[in-house]
Q: 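Have a look at this one.
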Amino acid sequence: MDYDFKSIESKWQAWWAANKTFKVVEDPAKPKYYVLDMFPYPSGAGLHVGHPLGYIASDIFSRYKRLKGFNVLHPMGYDAFGLPAEQYAIQTGQHPEVTTDKNVARYREQLDRIGFSYDWDREVRTCDPGFYKWTQWAFLQMFDSWYDPAQDKARPIAELIAKFESTGYEDVTPEQWKSASEKEKSDILMRYRIAYQGETSVNWCEGLGTVLANDEVKDGLSVRGGFPVEQKKMTQWQLRVSAYAGRLLDSLEKLDWTDSLKEMQRNWIGRSEGTEMVFNTICDGREMPVTIFTTRVDTIYGVTFMVLAPESDLVPQLTAADRKAEVEEYLKYVKKKTERERIAETKTATGVFSGAYGINPVTGQKVPIWISEYVLAGYGTGAIMAVPAHDSRDYVFAKKFGLPIVPIIEGCDVSEESFDAKDGILCNSGFLNGMTVKQAIEAAKDYVEEKGLGRRKTNYRLRDAIFSRQRYWGEPFPIYYKDGIPTPLPLSELPLRLPEIDSFKPSSDGEPPLARAKDWTYQGYPLEKSTMPGFAGSSAYYLRYMDPHNDNALVSREADDYWRNVDLYIGGTEHATGHLIYSRFWNKFLYDMGYVCEDEPFRKLINQGMIQGRSNFVYRIVGTNTFVSLGLKDQYETTEIHVDINIVRGDRLDLEAFRRWRPDFADAEFILEDGEYICGWAVEKMSKSMYNVVNPDDICDTYGADTLRLYEMFLGPLEQSKPWDTKGIDGVARFLKKFWRLYTDRDGLAVTDAEPAPEELKALHKLIAKEQEDIENFSFNTTISAFMIAVGELSALNCHKRAILEPLCVLLSPFAPHIAEELWHLMGHDDSVTDARFPEYVAAYTVEDNVTYPVQFNGKMRFTVDLPKSAAPAEVEAAVRALEQTAKWVGDKQIAKVVVVPGRIINIVVK
RNA sequence: GCCCUGAUGGCGGAAUUGGUAGACGCGCUGGACUCAAAAUCCAGUGGCCUUUAAAGCCGUGCGGGUUCGAUUCCCGCUUGGGGCACCA
């Protein structure tokens, strides 16, 4: 009986679906384990061979955990709101929902072919009103909460209102609060709400017609689409993520994530501990205090000027009358620059003198105040004290504008560049003289606090998340404007469904697409017209999987108590500063409010590497239709052209297929080497435009899903990026065939009931031990090697015994579930192999431990030899002789231990 | 510029905690089967010297160091990949 993977795979996929083999329910009798994949955005291109890499790994782990007796939650769903479907809608008029449904169906079809053990009854889609009801609900919870720094957690906004009414809070007195109008009260509360509306400088992307979050912008271009992004002041919904910065940073410690990913989050959050200090300023005779932030108070004696951010509110007040024209010109210049230009010109300093002066609070020295774009309004206080001798940015600025540079560290040379390092001894610094920089920082902080000049302050780089998008295909905000006051919709009105509109473009007067909806109002008041960003729906989806059909809560208390949080999360690093921050924030908020029982959503996180494509090239001689083979191309002037990898085999081009490939190549001529056309190649991202996409469906057709699963894992370590090369797949395909042949003959299953021999058990038990260890370490490639070795050994022993095959099927089932299931059933089982238990090995046949034998040598030194338990006396004898040899070159050092494998010395351990 | 990561045969990659480097697979070479091919099976396969064998020497990006012993630990570089980047 041949190994007919096609019929085997479709048979068991259908059987699993019909029997709901992977349906999971809460079961307090069993320990839980939650394995989650980052759910995909269903794009129009479908899956390529790189996408399932992480899914296969998580599936192997889920199936393994299930064999180990865990109740495993392993769900899948779709991150279905997003820009591509909407862009497509704008171009074609096709409703994004239609495209999304189509893409989801295609994804599902592709996923199903690979044989995943998902509980599809728990599928979620972020664009489903039953799902986004809870996204909207969470937003309203945030709207109705504030962050109480005293308790360091989110609290209901009612508590803040109570404070305003009774004792007052911060700069609001009870009298002010009581006499405030509704609008004024709303404005005050907006300064505290976790979800709030406020004016801020945003990343505006004209090409997409919407604002973007910081993580959606890279190098001044939008991540989606690559359109230029500019800074613009706008009123937007925001989430007060910054309030959680400290906790987001601190609880990274307890997470089992890779160091690099934690480091990325640390950088993104960007804690810096410094000092806020007040400088008095004088402008046209008026005095005004200005607070600056610095991490280097110790350099206070090196301050030679101050700088304000151009966007700072202080600028108008600190512009002297006679400098007004120039300052305004500069502000205009800064404003019209795009983000990209600003990044490109970081080396050159720009700026203007404001005409105002600041007084150094420690030295009393008067220094000029400048305005420059190198100071950011959004960080610290938007104003700095400049110490050109010890800060490279201040240095560049001082050089450009001829400002004095005063070094305050002994012996440093600042003639060419600033001395930024935090070491050395201070000089020219009054009471700080003679201290090391580290001592001086602390001493200066103490001094500033004692004298009441300022205070210690921790700043974070992490900004609040901008939460509005001027788009259609996202969650509508459950907010309406009652007399201009943003008002939450009653919970009973959720979900607030997306309205139908006739076109998905922004309206003609620049309003978001929702402005086109016919009756976008609530009780006659206008509803919010922007929608939520992509990360809204993905921030709590892992909670929804725990209880996906609950219409009364995001997740019930019981389901949350049982599943708690994700034990293993697998996905790409690209979400390090987006989704993984927002999710943690969102979860902490829900935790503060008592809706969930764990404060971190993802305990262990593994980043699977990217699978890159391997592109092939042909070389066309310029101005001709002649193509020259790789080895000869340097003799001509050529252009490199991507060629479809499906018409190249082993870098050799199929000439006929190439002529058929594209009409303009129909009459192509070739210059060959050794009768063949050799293509160039490169490792690149897998993408349609590079003609290097490998579709998992094709692999399933030719080799089968089990082979695909094995090969993706065999390719190398999970976390490493690696190029896909179909060439090597034959090795694992052969392994499965060999395995199949070992236990079947022409008529079907061929096993005996004979007792297994010790060597056979040994091969099996070695595999059990190895597989267990490897899977726990996510080293799936080496498990597969161990399988190949075990099957090779069993094959050499000509072992066709049921007592061996049964555990082998169980061991193989996480990796190649279809073939395991088939053999399992051929052996007469009528349950699924996934319901079996991971085999325990019998102690008598475990891999033998080495034993230490004490040995006397020359009657003088004492040392030991490690040999296997079973070592024959002759082998021990041989070890001793070997020692005599080694003793020659060890010299007079005392030998402590000699490690020996049968007959051969490894090495000598000397005390 | 700063941070993180990696570098091992022709290729993908193994190597426990400092202890036989190159497991396993691909590719390649030779052989068996075949009229032939495919498939399958067997053997070989880091480099050098050598007719062959035995033996030896050199080998884990480069240069040092620690150690009886280093792919593994330490110091200094080179280089690939990723992240951050006027964050005071």
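Owing to the predicted nature of the structure, the values given are computational and were not obtained by experimental measurement. In what follows, every chain begins at residue 1, and chains take the letters A, B, ... in the order their sequences are listed.
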Q: Side chain of A:R741, heavy atoms from C-beta onward: which of B:C86, B:C41, B:A23 has the nearest atom to it?
A: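 When the side chain of A:R741 is considered, B:C41 is the closest of B:C86, B:C41, B:A23.
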Q: What nucleotide, of B:A39, B:C84, B:C86, holds the atom closest to the side chain of A:E373?
A: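 Within the option list, the nearest is B:C86.
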Q: If you check the A:E263 side chain, which of B:C24, B:A14, B:C4 turns out closest?
A: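 Nearest nucleotide to the side chain: B:C4.
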Q: Which nucleotide wins on minimum distance to the side chain of A:M264, given the candidates B:G25, B:G27, B:G83?
A: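 Ranking B:G25, B:G27, B:G83 by closest atom to the A:M264 side chain puts B:G83 first.
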Q: Is the shortest side-chain N/O distance from A:S272 to OP1 or OP2 of B:A88 below 4.0 Å?
A: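 Yes, because at least one side-chain N or O of A:S272 sits under 4.0 Å from OP1 or OP2 of B:A88.
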Q: Using a heavy-atom cut-off of under 4.0 Å over every strand shown, decide if A:R271 touches base, sugar-phosphate, or nothing.
A: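 The residue A:R271 makes no contact with any strand.
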Q: Where the side chain of A:K727 is concerned, which of B:C26, B:C41, B:A14 is the nearest nucleotide?
A: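 Taking heavy atoms from C-beta onward, the closest nucleotide is B:C26.
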Q: I need the A:I768 CD1 to A:E773 CD distance, nearest 0.5 Å.
A: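 Reported to 0.5 Å precision, the distance equals 14.0 Å.
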Q: With no hydrogens and no angle check, do the side chains of A:T573 and A:N607 hold a donor and an acceptor under 3.5 Å apart?
A: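 The criterion, which ignores hydrogens and geometry beyond distance, is not satisfied for A:N607 and A:T573.
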Q: Does the side chain of A:R734 get closer than 4.0 angstrom to OP1 or OP2 of B:C41 through an N or O atom?
A: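 Checking A:R734 against B:C41: no side-chain N or O falls below 4.0 Å of OP1 or OP2.
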Q: Rounded to whole Å, please give me the gap between CD1 in A:I269 and P in B:C3.
A: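 About 19 Å, once rounded to whole Å.
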Q: Give the nucleotide from the list B:C26, B:C4, B:A23 with an atom nearest to the side chain of A:S260.
A: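 Closest of the options to the side chain of A:S260: B:C4.
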Q: For this output row, return yes or no: ring centroids of A:F787 and A:F739 closer than 6.0 angstrom.
A: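 Centroid distance A:F787-A:F739: not below 6.0 Å, so no.
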Q: Pairing donors with acceptors under 3.5 angstrom, does anything connect the side chains of A:D394 and A:Y374?
A: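 Distance-only check passes for A:D394 and A:Y374.
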Q: Would you say the side chains of A:Y582 and A:D215 form a donor-acceptor pair under 3.5 Å?
A: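 The answer is yes; a qualifying pair exists.
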Q: Please check if any side-chain donor atom of A:S785 sits under 3.5 Å from a side-chain acceptor atom of A:T782, or the reverse.
A: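 Looking only at side-chain atoms, A:T782 and A:S785 do not form any donor-acceptor pair under 3.5 Å.
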Q: Classify A:S785 by what it touches in the nucleic acid, base, sugar-phosphate, or nothing, heavy-atom distance under 4.0 Å.
A: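 Base, at least one base heavy atom under 4.0 Å.
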Q: In terms of side-chain heavy atoms of A:V375, which of B:A88, B:A85, B:G13 is nearest?
A: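 From the listed options, B:A88 comes nearest.
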Q: Determine the contact category for A:I384: base if any of its heavy atoms lies under 4.0 Å from a base atom, sugar-phosphate if only primed atoms, P, OP1 or OP2 are that close, otherwise nothing.
A: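 Base contact.
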Q: Would you kindly compare A:D259 and A:N459 by the position of their nearest RNA chain B nucleotide and give the one closer to the 5′ end?
A: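 Of the two residues, A:D259 wins.
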Q: Based on Watson-Crick and G-U pairs with both distances under 3.5 Å, what dot-bracket line describes RNA chain B 5' to 3', crossing pairs as [ ] and inter-strand pairs as |?
A: (((((((..(((......[....)))((((((.......))))))(((.......)))..(((((..]....))))))))))))....
Q: Under a 4.5 Å cut-off applied to non-hydrogen side-chain atoms, are A:E719 and A:Q608 in contact?
A: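 When only atoms from C-beta onward are counted, A:Q608 and A:E719 do not touch, as no gap falls below 4.5 Å.
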Q: Decide, for B:G56, between syn and anti: a glycosidic angle within 90° of 0 counts as syn, anything else as anti.
A: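 In terms of base orientation relative to the sugar, B:G56 is anti.
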Q: Determine the contact category for A:P723: base if any of its heavy atoms lies under 4.0 Å from a base atom, sugar-phosphate if only primed atoms, P, OP1 or OP2 are that close, otherwise nothing.
A: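 Here A:P723 touches no strand at all.
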Q: Within the structure, does a side-chain N or O atom of A:Q720 lie under 4.0 Å from either OP1 or OP2 of B:G13?
A: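 Yes.
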Q: Does A:K738 or A:E773 map to a spot on RNA chain B nearer the 5' end, using the closest nucleotide for each?
A: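 Final value for this comparison: A:E773.
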Q: B:A14, OP1 or OP2 - any side-chain N/O from A:N781 closer than 4.0 Å?
A: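 It does, given that an N or O in the side chain of A:N781 lies less than 4.0 Å from OP1 or OP2 of B:A14.
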Q: Taking the six-membered ring for Trp, is the centroid-to-centroid distance between A:W268 and A:Y460 below 6.0 Å?
A: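 No, ring centres 6.0 Å or more apart.
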Q: CG of A:D394 versus P of B:A88: gap in Å, rounded?
A: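 One finds 12 Å between P of B:A88 and CG of A:D394, rounded.
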Q: Below 4.0 angstrom from OP1 or OP2 of B:A88, is there any side-chain N or O of A:Y379?
A: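 It does, given that an N or O in the side chain of A:Y379 lies less than 4.0 Å from OP1 or OP2 of B:A88.
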Q: Does B:C84 have its OP1 or OP2 closer than 4.0 Å to a side-chain nitrogen or oxygen of A:R266?
A: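 Looking at the OP1 and OP2 atoms of B:C84, neither is under 4.0 Å from any side-chain N or O of A:R266.
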